[in-house]
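Heads up: the structure comes next, in structure tokens.
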Amino acid sequence: MPRLRFAPSPTGFLHIGSARTYVFNWLYARRHRGAMILRIDDTDVDRNTQASLESIFEGLRWLELEWDELYHQSQRLHLHRQLAQALLERGVAYRDFTPPSAQPEEKAHGAGPWLFNPGMRELSREESDRRAAAGEPFVLRFRVPRDPPRILRFRDLVYGEQEKSTADIEDFALLRSDGTPTYHLASCTDDIDMKITHIVRGQDHLTNTFKHILIFEAAGAPLPEFAHLPLLVAPDGSKLSKRRHGAVVSVTTYRDAGFLPHAFVNFLCLLGWSPKDNREVMTRQELIEAFSFEGINRSNAVVNFREDDPFDPKAVWLNAQHLRTMPVRELAPYVRRTLEQAGVPIPYDEERFLTVIDVIRTRYSMLTDFVTRGRAYFSEDYPITPEAQQKLDEPGARQLLHELADRLEASPEFTEASVERDLRQLAAERGVKAGLIINAARAILTGQTVGPSAFTVFVTLGRERVLERLRRA
RNA sequence: GGCGCUAUCGUCUAAGGGUUAGGACGGAGCCCUCUCAAGGCUCAAAUACGGGUUCGAAUCCCGUUAGCGCUACCA
């Protein structure tokens, strides 16, 4: 059974790129009936924050992609140290007593890459033990094979055959001088211990993978499959960052803007992945069934936002598609929650509520549209736009609306057909175009000049509210 | 600097030796129409550049350029 993991470090809010990584992991896990593991990689105590941790859970819960197991790396430090100790004992790791941050600028223009600190690889075990026992601080480094170097290879599920010489890999740190594990050590230790079968992560880890292979080998553990994902970038090709690009990179921004979690997931999937059959609007189940690493492409994907419009037009379009086509019964709870949060009343029983949603959702693209553009369908307290005001101010319009109210009240029925008949008859008798009354009616009934068919609006609102509003005109 | 990855319409992508290089979003237009959407139809829009291999290259190879990643006691 496949075991996948998503391992965010709680050093910032949940990033849209991280969310996509989670989605791909989840999709593969579900597709192959595997386990989805959420592991909080909180080994960098200086940068971890509680707010960030909460943002991750909040964001992931909103996506509605549940995980099966949860771990905190900080509670597993003993395992990391255990492996570090074993590697030291076996001689594949060594202590480096060089003080930190000696020459930061020398590296910048240096001719070759830094590989290790001189003298430290050759320290005898006795001297190393003695200095450590004396309390001298050290970092534990991996002794990367050098004489002769080795060619490391693996087959990435997305990027294909990869190889790199150990001559180009520095003796990376395993343990910091305060004894805490670095990312490489902690991550590999846990991946081994949790029996992770597929490591699916950002392409920024592609070259790190060689270090990880070294650790896996040294630990005597079988290699998992690796699949690296192209990165999400800003329109100028730079990587997405909160500082430069603001709220667009945070998943809570999409939630607050009225995206359906499901549509957002759909959008994320389309960034760097394709089912290759031209399908785009897909349900969760369709995504699960269609997902495979072969469909992932290898170049970075641009999230197409702008200063004045923070959302990728395709994301908005996808949201509209889902909003309009998903079973109305599934949509209703989201609409209800959105209205409740905005303090808008819902004067309907469940069935009527569904009908109203079904009528108005055909022109909406965001959940928030229900509280803004759809306000008049729920509340008596709705604004009249200037355009709508104009329709009402047409000569004779108000008088006609009042007359219409009387006729509708007297009419034996109140259906789309009957309302249309009554209205058109009134227009004919008064010698005006039906459009005049229709547009004025929509204006007073909804506060807007745009929306569903006016006759549908009449019936949707119900006779009582219609009469009251027409007479108020 | 070293090592690695990538390059198809503005954006997301399909085509992986033979297609008028396909679809979608966005844009323009037409139809429909009580408005606005939706829907239908149409248009504009791409293989980074230079070499090679081949009867034939977006596709394979080399180079250039550009972007990105790694090169930390961050992850």
Side-chain angles (χ1 to χ4, degrees), chain A residues 7-9 11-12 41-44 46-47 96 98-101 104 107-115 137-141 156 159 162-165 167-170 172-184 186-187 201-211 228 230-231 233 235-239 267 270-281 295 297-305 312-318 320 324 362-365 373 387-388 391 420 423-424 433-443 446 448-455 457:
Chain A
S9 61
T11 55
D41 277 7
D42 51 356
T43 53
D44 185 6
D46 293 339
R47 292 169 64 218
D96 179 349
T98 311
S101 68
K107 207 191 296 179
H109 341 261
W114 173 89
L115 291 175
F138 63 87
V139 292
L140 189 74
R141 291 189 184 282
D156 189 88
Y159 286 90
Q162 302 292 317
E163 62 170 63
K164 186 167 184 145
S165 167
D168 294 317
I169 301 174
E170 78 285 1
F172 53 94
L174 262 14
L175 245 31
R176 304 189 185 96
S177 52
D178 64 1
T180 60
T182 61
Y183 161 74
H184 300 301
S187 177
R201 70 228 307 190
Q203 192 240 44
D204 47 344
H205 285 299
L206 189 60
T207 47
N208 283 334
T209 303
F210 295 101
K211 296 173 189 167
H228 288 87
L231 268 18
V233 297
D236 67 356
S238 65
K239 83 176 200 189
F267 170 65
L270 261 21
L271 255 20
W273 172 81
S274 154
K276 295 191 187 289
D277 57 8
N278 284 344
R279 276 187 300 165
E280 295 201 309
V281 182
N297 108 346
R298 286 170 288 278
S299 51
N300 292 348
V302 171
V303 180
N304 197 16
F305 60 84
D312 190 315
K314 193 128 188 187
V316 174
W317 176 78
L318 276 168
R324 293 168 192 180
T362 56
R363 2 228 122 190
Y364 295 169
S365 55
R373 301 206 270 154
E387 298 78 31
K391 298 287 183 192
E420 176 158 12
L423 187 148
R424 288 195 188 278
K433 291 209 293 194
L436 174 72
I437 309 180
I438 289 172
N439 290 330
R442 185 177 11 250
T446 68
Q448 291 163 37
T449 56
V450 304
S453 154
F455 306 115
V457 172

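Side-chain atoms are counted along with the backbone in the values below, which use heavy atoms only and exclude waters and symmetry mates. Sequence lines set the chain letters: A, B, ... in the order given, protein chains first and strands last, and positions in each chain run from 1.
Using the Watson-Crick or G-U wobble rule with both distances under 3.5 Å, B:U53 pairs with nothing in any strand shown. Pair check for B:C43 finds B:G27; Watson-Crick or G-U wobble, both atom distances under 3.5 Å. With both pairing distances under 3.5 Å, B:U33 is matched to nothing as a Watson-Crick or G-U wobble pair. A 3.5 Å limit on both hydrogen-bonding distances identifies B:G4 as the Watson-Crick or G-U partner of B:C68. Using Watson-Crick or G-U wobble geometry with both donor-acceptor distances under 3.5 Å, B:A21 finds no partner in any strand shown. Base pairing of B:C9 is not made with any nucleotide, judged by Watson-Crick or G-U wobble geometry with both donor-acceptor distances under 3.5 Å. In this entry B:G16 has no Watson-Crick or G-U wobble partner, no candidate having both defining distances under 3.5 Å. In this structure B:U59 sits in no base pair that meets the Watson-Crick or G-U test at under 3.5 Å.
Taking the side chain of A:His205 as heavy atoms from C-beta on, and the options B:A75, B:A14, B:C36, the nearest nucleotide is B:A75. Comparing B:U35, B:A75, B:A72 by their nearest atom to the side chain of A:Trp114 picks out B:A72. Considering only side-chain atoms of A:Lys164, the nucleotide from B:A75, B:U35, B:C3 that sits closest is B:C3. The side chain of A:Ala301 approaches B:U13 more closely than any other nucleotide in the set B:G69, B:G4, B:U13. Listed nucleotides B:C73, B:U6, B:G69 differ in distance to A:Lys239; the shortest reach to its side chain belongs to B:G69. Of the listed nucleotides (B:C73, B:U6, B:C36), B:C73 has the atom at the smallest distance from the side chain of A:Arg141. Checking B:A75, B:U71, B:G69 against every side-chain atom of A:Asp41, the shortest atom distance belongs to B:A75. Here the nucleotide nearest the side chain of A:Arg324, chosen from B:A38, B:U11, B:U71, is B:A38. Of the candidates B:C36, B:G23, B:A24, B:A24 carries the atom nearest the A:Trp317 side chain, counting heavy atoms from C-beta on.
Within 4.0 Å of A:Ala173, counting heavy atoms only, lie sugar-phosphate atoms of the nucleic acid but no base atom. Within the nucleic acid shown, A:Gly237 comes within 4.0 Å of sugar-phosphate atoms alone, with no base atom in reach, counting heavy atoms only. Heavy atoms of A:Gln448 sit nowhere under 4.0 angstrom from any nucleic acid atom. Counting any heavy atom pair closer than 4.0 Å across all strands shown, A:Pro452 reaches a base atom. Base engagement by A:Asn208 is indicated by at least one non-hydrogen atom pair under 4.0 Å involving a base atom. A:Val302 comes within 4.0 angstrom of sugar-phosphate atoms only, judged by non-hydrogen atoms across all strands, and of no base. Contacts of A:Lys433 with the nucleic acid, taken as non-hydrogen atoms under 4.0 Å apart, are absent. Nucleic acid contact for A:Gly202: none, since no nucleic acid atom lies under 4.0 Å from a heavy atom of the residue. Nucleic acid contact class of A:Asp277 (heavy atoms, under 4.0 Å, all strands): none. Residue contacts for A:Ser165: at a heavy-atom cut-off of 4.0 Å it reaches no nucleic acid atom on any strand shown. At the heavy-atom level, A:Phe267 lies nowhere under 4.0 Å from the strands shown. Contact annotation for A:Asp168: backbone-only contact, meaning every heavy-atom pair under 4.0 Å involves sugar-phosphate atoms and none involves a base.
Panel note: side chain A:Arg373, backbone A:Arg363; a donor-acceptor pair is recorded below 3.5 Å. Proximity of a side-chain donor or acceptor of A:Arg141 to a complementary backbone N or O of A:Asp96 within less than 3.5 Å is not detected. Remark: the backbone N or O of A:Ser9 is not paired with any side-chain donor or acceptor of A:Asp41 at under 3.5 angstrom.
As rounded to the nearest Å, B:G23 and B:A45 have C1' atoms that lie 14 Å from one another. Between B:A21 and B:A46, the two P atoms lie 12 Å apart (nearest whole Å). If you take atom P in B:U47 and the same atom in B:A58, they sit 11 Å apart, rounded to whole Å. Nucleotides B:A48 and B:A66 place their C1' atoms 8 Å apart, quoted to the nearest Å. Using C1' as the reference atom, B:A28 and B:U35 are 22 Å apart when rounded to the nearest Å. A gap of 40 Å separates the P atoms of B:G26 and B:C62, to the nearest Å. Using atom C1' as the reference point in both B:U64 and B:U6, the two lie 15 Å apart (nearest Å). Comparing the same atom, P, in B:U8 and in B:A14 gives a spacing of 11 Å after rounding to whole Å.
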Residues 435-442 of chain A, side-chain donor-acceptor partners within the protein, below 3.5 Å, at least two apart:
from, atom 1, to, atom 2, distance (Å)
A:Asn439, OD1, A:Arg442, NH2, 3.4
A:Asn439, ND2, A:Gly435, O, 3.1
A:Arg442, NH1, A:Pro452, O, 2.9

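Between A:Arg373 atom CZ and B:A38 atom P the separation is 10 Å, expressed in whole Å. Regarding A:Leu271, its CG atom lies at a distance of 18 Å from the P atom of B:A24, rounded to whole Å. Rounded to an integer number of Å, the gap from CD of A:Glu387 to C1' of B:U35 is 12 Å. Taking atom CG of A:Leu318 as the reference point, atom C1' of B:C12 lies 10 Å away to the nearest angstrom.
With contacts defined as side-chain heavy-atom distances shorter than 4.5 Å, the pair A:Ile169/A:Phe210 qualifies. Within the 4.5 Å cutoff, the side chain of A:Glu420 has heavy atoms near those of the A:Arg424 side chain. No side-chain heavy atom of A:Phe172 sits under 4.5 Å from any side-chain heavy atom of A:Asn208. For the pair A:Thr182/A:Leu175, no side-chain contact is recorded, criterion being any heavy-atom separation below 4.5 Å from C-beta on.
At a cut-off of 3.5 angstrom, the base of B:G69 holds no donor-acceptor pair with the side chain of A:Asn300. Side-chain atoms of A:Ser177 and base atoms of B:C73 include a donor and an acceptor less than 3.5 Å apart. Between the side chain of A:Glu280 and the base of B:G23, at least one donor-acceptor pair of N or O atoms lies under 3.5 Å. In this model, no side-chain donor or acceptor of A:Thr449 finds a partner on the base of B:C36 within 3.5 Å. With hydrogens and angles ignored, a donor-acceptor pair closer than 3.5 Å exists between the side chain of A:Arg442 and the base of B:C34.
The 5' end of RNA chain B is approached more closely, in terms of each residue's nearest nucleotide, by A:Trp273 than by the other of A:Trp273 and A:Thr43. The nearest heavy atom of RNA chain B to A:Glu420 and to A:Gly295 marks one nucleotide each, and the one closer to the 5' end goes with A:Gly295.
Side-chain nitrogen and oxygen atoms of A:Ser274 include none within less than 4.0 Å of the OP1 or OP2 phosphate oxygen of B:C12. Phosphate proximity of B:A14 to A:Asn297: present, with a side-chain N or O under 4.0 Å from OP1 or OP2. Contact between the side-chain N/O atoms of A:Lys276 and the OP1/OP2 oxygens of B:A14 is found at a separation under 4.0 Å. Contact check, A:Lys314 against B:G26: no side-chain N or O comes under 4.0 Å of OP1 or OP2.
Evaluated for a side-chain hydrogen bond (donor to acceptor under 3.5 Å, both in side chains) with A:Thr209, the options A:Lys164, A:Gln162, A:Arg201 yield exactly one hit, A:Arg201.
Residues A:Asn297 and A:Pro230 come closest through the heavy atom pair O-CG, 3.1 Å.
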